[in-house]
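Report on the structure given below.
Per chain, numbering begins at 1; letters A, B, ... match sequence-line order.
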Amino acid sequence: MRPISVLVIVVAVVIAITVVYYVRRWQLKEQYSILWLGLAALMVVTAALPNLVEWFAARLDVIYAPSVLFFLALSFVAVMLFHYSLEISRLSDQNRDLAQEVGLLRAHIEESSAKRDG
Amino acid sequence: MVARTSDVLVVVPVHNEASSIADVLRELRALTPSYDVVVVNDGSTDTTAEVARANGIQVIDLCFNVGIGGAVQTGFKYALERGYQIVVQLDGDGQHLAEEIGTLIEPVRSGHCEMSIGSRFLPGSAEYDGSAVRRFATKALSVFCGALSGQQITDATSGFRAYGARALRYLASYYPADYPEPEAIVLLSRRNLPICEVPVRMRLRQGGQSSIRGARTLYYMTKVTLSLLLAAFKEGPTRQIT
């Protein structure tokens with residue numbers, strides 16, 4: 001096995017361990033852990049079976065086989081980023097709704113206590 | 001819950017308007033005493049909320065700044081909870097005149113439209129002396145808004161508006177976050193909720209500064225144009241708002 005393959009596998013294992021570590025500490029949602037574990041698995045597969053990448057590149061008529069890896073990696077990053085944009089939009093909507101709800105409730109409470117005292 | 005004393009609620013969204021809010025509220029009290037008023041304090045860092053409370057006005061405090069859209073929408077939700085039939089949106093910076101509220105409400109009250117916009121650019125509106133760039137920007141946006149909503153719009157960015165019950169029910173759930181005024185026109189027209197404009201006079205700002213100035217105008221124009229185009233395609237509620 002080529003040194004680069006060993007390196008990729010080591011990095012993949014580190015990613016997997018990190019993910020499991022944070023899930024155990026309740027700091028990473030399982031939903032995201034699946035994505036990252038999937039990435040780690042994919043890295044191991046491509047490192048262990050370099051012929052797979054060559055075969056895939058040939059299918060796609062790609063001359064320089066590793067560029068297939070770059071393409072896949074960039075696609076992965078793009079999908080992740082878009083997913084985060086969606087998530088941020090959802091969270092900011094919820095955040096706004098919460099601020100409104102808290103404001104309305106506070107107004108409510110102020111009114112009722114003013115009525116009670118008055 | 002405090003009982004409504006009117007079926008009209010005036011919503012005053014404010015963000016750091018301590019210098020103008022007292023006058024605005026005094027004018028409302030003097031000129032439209034029969035309407036209920038609520039101030040939505042959008043995370044002000046000055047004494048705006050205290051001044052409003054000292055004037056005996058109900059204040060809704062948002063715990064951080066959510067932007068003008070979110071602030072106005074809070075007013076819609078408040079109105080909906082309490083069964084108001086008409087909501088008037090009037091800025092806290094003193095631009096909008098309380099004495100014009102009657103004119104603004106009239107077409108909503110008569111069922112002629114669901115959103116009535118106080119326009120600075122109709123025949124009968126008083127002279128408006130904003131900068132040339134601003135005038136042009138407002139005009140261009142209005143034409144664009146008009147094209148998307150299939151009717152003539154002269155003042156798409158005016159935040160002096162009255163809303164009927166159906167528009168309220170829709171906007172309480174769907175209201176754009178920033179620069180909502182032009183987008184609301186397109187959204188409502190897509191839901192077949194009629195819109196009209198009435199000529200009003202406005203004052204120059206008493207305090208504060210427009211959030212849109214200088215190089216931001218270009219950014220604002222681009223962003224609004226894009227969101228208007230997208231608004232035309234946005235999904236609405238699956239059932240008709242009645």
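Taking each heavy atom of A/Arg96 and B/Ala177 in turn, the nearest pair found is NH1-CA, 3.6 Å. Scanning all heavy atoms of the two residues, the minimum distance from A/Ala107 to B/Ile60 falls at CB-CG1, 4.0 Å. For the residue pair B/Tyr78 and A/Glu111, the shortest heavy atom distance occurs at OH-OE2, 3.3 Å.
Contact count versus chain B (heavy atoms, under 4.5 Å) is highest, among A/Asn95, A/Val102, A/Asp93, for A/Asn95. Chain A forms more heavy-atom pairs under 4.5 Å with one residue of B/Asn41, B/Val40, B/Asp61, B/Val38 than with any other, namely B/Asp61.
Interatomic distance, NE2 of A/His108 versus CD of B/Gln58, reported as 10.0 Å (0.5 Å rounding). One distance of note links OG1 of B/Thr74 with CG of A/Asp97; it measures 9.5 Å at 0.5 Å rounding.
Within 6.0 Å of CZ in A/Phe76 there are more than 12 heavy atoms belonging to other residues, nucleotides or ligands. Atom CG of A/Leu81 sits in a crowded spot, with more than 12 heavy atoms from other residues, nucleotides or ligands closer than 6.0 Å. Heavy atoms from other residues, nucleotides or ligands lying under 6.0 Å from OH of A/Tyr84 number more than 12. In A/Phe70, the CZ atom is not crowded: 12 or fewer heavy atoms of neighbouring residues, nucleotides or ligands sit closer than 6.0 Å.
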task = Test side-chain contact (heavy atoms from CB on, under 4.5 Å) on B/Lys77 and A/Leu104 and set out the steps.
result = CA-CA 8 Å; B/Lys77 290 180 174 177; A/Leu104 290 167; 3.8 Å; yes

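Side chain of A/Gln100 to main chain of B/Ala71: no donor-acceptor pair is present (N/O by atom type, distance under 3.5 Å, no hydrogens or angles).
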Distance-only donor-acceptor hits, side chain of residues 24-34 of chain A, under 3.5 Å, sequence neighbours excluded:
unit_1	atom_1	unit_2	atom_2	d
A/Arg25	NH1	A/Tyr21	OH	2.5
A/Tyr32	OH	A/Glu87	OE2	2.5
A/Ser33	OG	A/Glu30	O	2.6

